[in-house]
Amino acid sequence: MEQQEYATGAARTAGGTSDGRTGGAGRGTTAAVVVVRGSGPRGVPGTGADAPHDVLHDAAPVHDSGSPSTAGLSPDPGLLRLARWFAEAEPGTADDLCAASLGLYPARHFGAPAGPAGGPATAGPSAAVPFAAVPVTAAPPTAEVSWWHGPTAHTPAPLRAREPRPAGGLRRARRDAAALPVVLSGAKPGTPGRHRKPERSRGAGTVPQDRSAATTAAERRIAARLLVAHPLVTASGPHADGFPLIRRHRDWLAERFDTLLGYRLVVGPWHARLHKAGLGPGATRRLEHPATGAPFTPGGYAQLALALALLVDAPERLPLDGLLAAMDAVRPGPGPGPGPAARPADRAELAMAFAVLVDWQVLGDLPAAALADPAAAGPTVLTVDRELARAVPVGPPALADDATDLIRRAAEAEPGTAVRRRLAETPAVLAADLPEEQRAWLREHGRTGPAALAEFLGLEAEQRAEGVALLDPAEELTDLALPGADTAAQAALLLVERLVEEVRPLPGETAGTDVPVPDALIDGVLGDIADEYGLPAGWRRDYLADRTALRRDALDLLHRMGLITPAPRGTRPPGWLLRAPAARYAPAPDLLPAPGTGRHSRPDPAFTVPAPVTPRAGQPV
């Protein structure tokens with residue numbers, strides 16, 4: 001199913017192009033129609049009194065910013081309906097509903113590729129190559145090898161020290177070698193060089209040479225990766241450096257996203273919005289506080305949808321108390337409003353919603369007091385960007401019967417498109433997880449189908465008997481890092497390594513996609529690694545003191561990376577299932593601790609550990 005337009009406020013121009021402000025048609029677009037405010041607040045040329053005649057100005061009335069009245073704030077019915085569904089949803093369903101209705105989740109991929117057959121990978125994070133030079137392997141020789149016993153991507157160090165990635169997304173260094181013009185004089189790009197003489201003109205009619213094909217391809221790949229990692233890019237946001245590339249190649253990008261993934265790309269004068277589809281139930285994608293990383297609750301999602309319902313048609317200047325009063329007036333169902341009398345949990349959810357709106361630049365910068373507790377902040381006037389507020393929702397709430405129906409509708413697509421979406425957005429696609437028609441497509445196109453998508457996004461295909469994973473050796477096209485630098489990530493990697501060695505099928509056994517892991521085994525292994533590596537690695541003291549929190553966060557990371565999954569309901573005893581892709585992180589044999597040697601593990605009486613033999617100098621081994 002084609003990605004559906006936002007149900008309210010959609011507008012089409014005569015040429016069938018999107019106006020970049022209220023949705024509209026994206027397919028077949030040849031040029032974006034510029035829509036700006038007359039005042040040009042961002043200081044971009046072409047606004048205000050000197051704007052060209054093809055610019056469409058916003059005709060919304062401006063209300064008195066000093067009045068707390070809610071007059072003029074007309075809530076969007078579809079978003080009000082969405083707010084009610086969020087408030088009534090379970091936490092997991094609310095996450096899936098957010099992915100389906102907002103589509104602002106980033107891509108998520110494994111990093112280091114597996115080594116050659118028969119040995120672990122030798123390339124770690126420091127050996128990652130720029131994605132412009134990553135080869136696409138459509139049919140690797142290990143396509144019929146199981147993940148359980150195939151090559152591994154082990155990082156051979158118990159204390160995996162790693163520099164944290166810079167905040168903000170794709171590294172700027174990734175485009176300097178391929179995307180910038182070649183300078184033969186040795187001067188910096190953009191300067192002529194102090195000793196270089198100007199070249200003679202070859203004729204009055206000489207046309208400057210076009211940009212090279214390699215430069216164009218590199219720029220397109222940078223722009224595509226940026227949009228997949230950050231579906232909403234603004235001209236003044238943290239990824240503003242990549243916005244000109246998106247605008248320069250918007251027609252080509254729109255065609256490729258539509259053809260490969262069924263996504264609609266809308267590029268306006270101030271923002272670019274990739275309308276991602278939902279990933280269906282159980283997608284493990286959630287919205288988090290931009291500063292603290294705290295996950296949204298159903299109540300937080302409801303607050304966000306309520307605010308958006310009022311901001312899509314709000315004036316540019318709006319008093320904070322007026323918005324809060326309007327949210328209280330249209331809040332679905334009984335319950336306290338966001339005022340000072342609200343519960344602390346409700347006020348915290350409201351603060352999270354406002355923090356995300358500021359992060360998306362729907363709202364301008366707010367004082368720290370207003371971000372910490374909007375309901376208790378003093379008189380504050382909000383700066384509202386209606387264009388971005390209208391660009392946030394992508395799902396069709398007015399067309400769905402309920403939250404479950406909306407999640408299903410947003411994930412619908414023909415088999416090839418649905419599988420490519422999973423490949424582009426998730427760490428690994430396992431055939432056992434797909435419906436029959438998608439599984440048949442993967443069987444038929446498993447060798448050639450991912451190639452075009454891998455080339456488009458600069459990824460590597462890792463094919464195994466259980467499925468396919470598109471890897472990002474640059475370790476940038478993902479919102480989660482494994483290996484990672486923080487305590488939970490290090491503990492999760494050590495945990496999954498030992499679980500693989502404990503429970504994976506032996507060579508020759510019929511290996512399924514999932515293998516049960518008892519809870520007792522997880523507790524014992526995690527206790528062992530915390531004792532062995534916690535203090536030497538400088539792990540967080542609160543985690544070492546609270547092993548329950550360490551277990552929760554380590555398992556949560558492994559679950560979101562698709563390496564483990566909860567056992568089906570009704571399983572006794574309850575536990576987890578280790579997934580086949582987890583074996584790509586299995587350690588080399590010489591790094592494997594003997595099982596049952598930790599004080600938290602239960603040793604096997606039938607297993608004896610041979611004493612290590614250390615040869616003397618000159619003694620034959």
Side-chain angles (χ1 to χ4, degrees), residues 91-92 95 154-162 164 284 286 288-289 292-297 345 348 427 479-504 514-569 571-579 581-583 585-587 591-605 607 609:
D95 294 336
H154 177 71
T155 305
L159 310 181
R160 290 159 177 80
R162 177 185 175 198
T284 66
R286 66 193 186 205
E288 297 179 346
H289 192 287
T292 66
F296 264 63
T297 62
D479 61 332
L480 299 176
L482 192 73
D486 64 326
T487 298
Q490 292 187 22
L493 185 60
L494 290 166
L495 174 62
V496 76
E497 287 176 355
R498 297 198 181 183
L499 291 181
V500 167
E501 291 302 301
E502 289 279 354
V503 303
R504 71 174 168 183
D514 302 329
V515 175
V517 180
D519 271 345
L521 178 61
I522 295 175
D523 292 335
V525 170
L526 195 59
D528 289 345
I529 63 177
D531 287 346
E532 294 171 26
Y533 302 118
L535 291 178
W539 286 3
R540 285 170 41 183
R541 296 300 181 99
D542 56 338
Y543 274 140
L544 296 180
D546 187 355
R547 302 292 175 87
T548 301
L550 179 62
R551 170 195 165 102
R552 180 195 64 225
D553 292 346
L555 292 179
D556 177 68
L557 176 58
L558 295 176
H559 181 214
R560 296 166 70 190
M561 290 298 295
L563 302 180
I564 64 172
T565 187
R569 288 188 176 183
T571 303
R572 292 290 183 271
W576 293 83
L577 301 176
L578 190 69
R579 314 221 74 190
Y585 293 103
L591 296 178
L592 175 63
T597 57
R599 69 184 182 91
H600 294 274
S601 296
R602 300 175 182 177
D604 186 351
F607 181 83
V609 182

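Numbers here are sequence positions counted from 1. Because only heavy atoms are used, hydrogens play no part in the values below, and waters and symmetry mates are left out as well, while side chains stay in.
The shortest side-chain heavy-atom distance between W576 and L558 does not fall under the 4.5 Å cut-off. In this structure, L557 and L563 have side chains that are not in contact, with every pair of non-hydrogen atoms separated by 4.5 Å or more. Looking at D528 and R498, their side chains come closer than 4.5 Å, going by heavy atoms from C-beta outward.
Taking all atoms of both residues into account, the shortest heavy-atom contact from G484 to A489 is CA-CB, 3.6 Å. Between L577 and D514, the shortest heavy-atom contact is CB-CB, 3.9 Å. Heavy atoms only, all atoms of each residue included: Y585 and L482 are closest at OH-O, 3.5 Å. Minimum interatomic distance between A586 and R504 (heavy atoms only, all atoms of both residues): CB-NH1, 3.7 Å. Between A492 and A554, the shortest heavy-atom distance links the atoms CB-O, 3.7 Å.
Here the CG atom belonging to D95 is positioned 9.5 Å from the OG1 atom belonging to T297, to the nearest 0.5 angstrom. We find the CG-CG distance between L526 and L550 to be 4.5 Å, quoted to the nearest 0.5 Å. Remark: L494 CG to I529 CD1 distance equals 5.0 Å, nearest 0.5 Å.
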Begin from the C-alpha positions of W539 and Q490 and carry the test side-chain contact (heavy atoms from CB on, under 4.5 Å) through to its verdict. CA-CA 9 Å; W539 286 3; Q490 292 187 22; 3.0 Å; yes
E502 and V515: CA distance, side-chain angles, deciding distance, side-chain contact (heavy atoms from CB on, under 4.5 Å) verdict: CA-CA 11 Å; E502 289 279 354; V515 175; over 6 Å; no
Chi angles and distances behind the side-chain contact (heavy atoms from CB on, under 4.5 Å) call for L544, T487: CA-CA 10 Å; L544 296 180; T487 298; over 6 Å; no
Give the C-alpha distance, both sets of side-chain angles, the deciding distance and a yes or no for side-chain contact (heavy atoms from CB on, under 4.5 Å) between L521 and V503. CA-CA 10 Å; L521 178 61; V503 303; 3.6 Å; yes
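Under 4.0 Å is where a charged nitrogen must lie from a carboxylate oxygen, and between R547 and D531 at least one such pair does. By the 4.0 Å N-to-carboxylate-O rule, R286 lies close enough to D556 to be salt-bridged with it. With salt bridges taken as basic N to acidic carboxylate O contacts below 4.0 Å, none links D546 and R552.
T284 is linked by a side chain to side chain contact (heavy atoms under 4.5 Å, CB included) to R108, H559, R560, counting only residues two or more places apart in sequence or in another chain.
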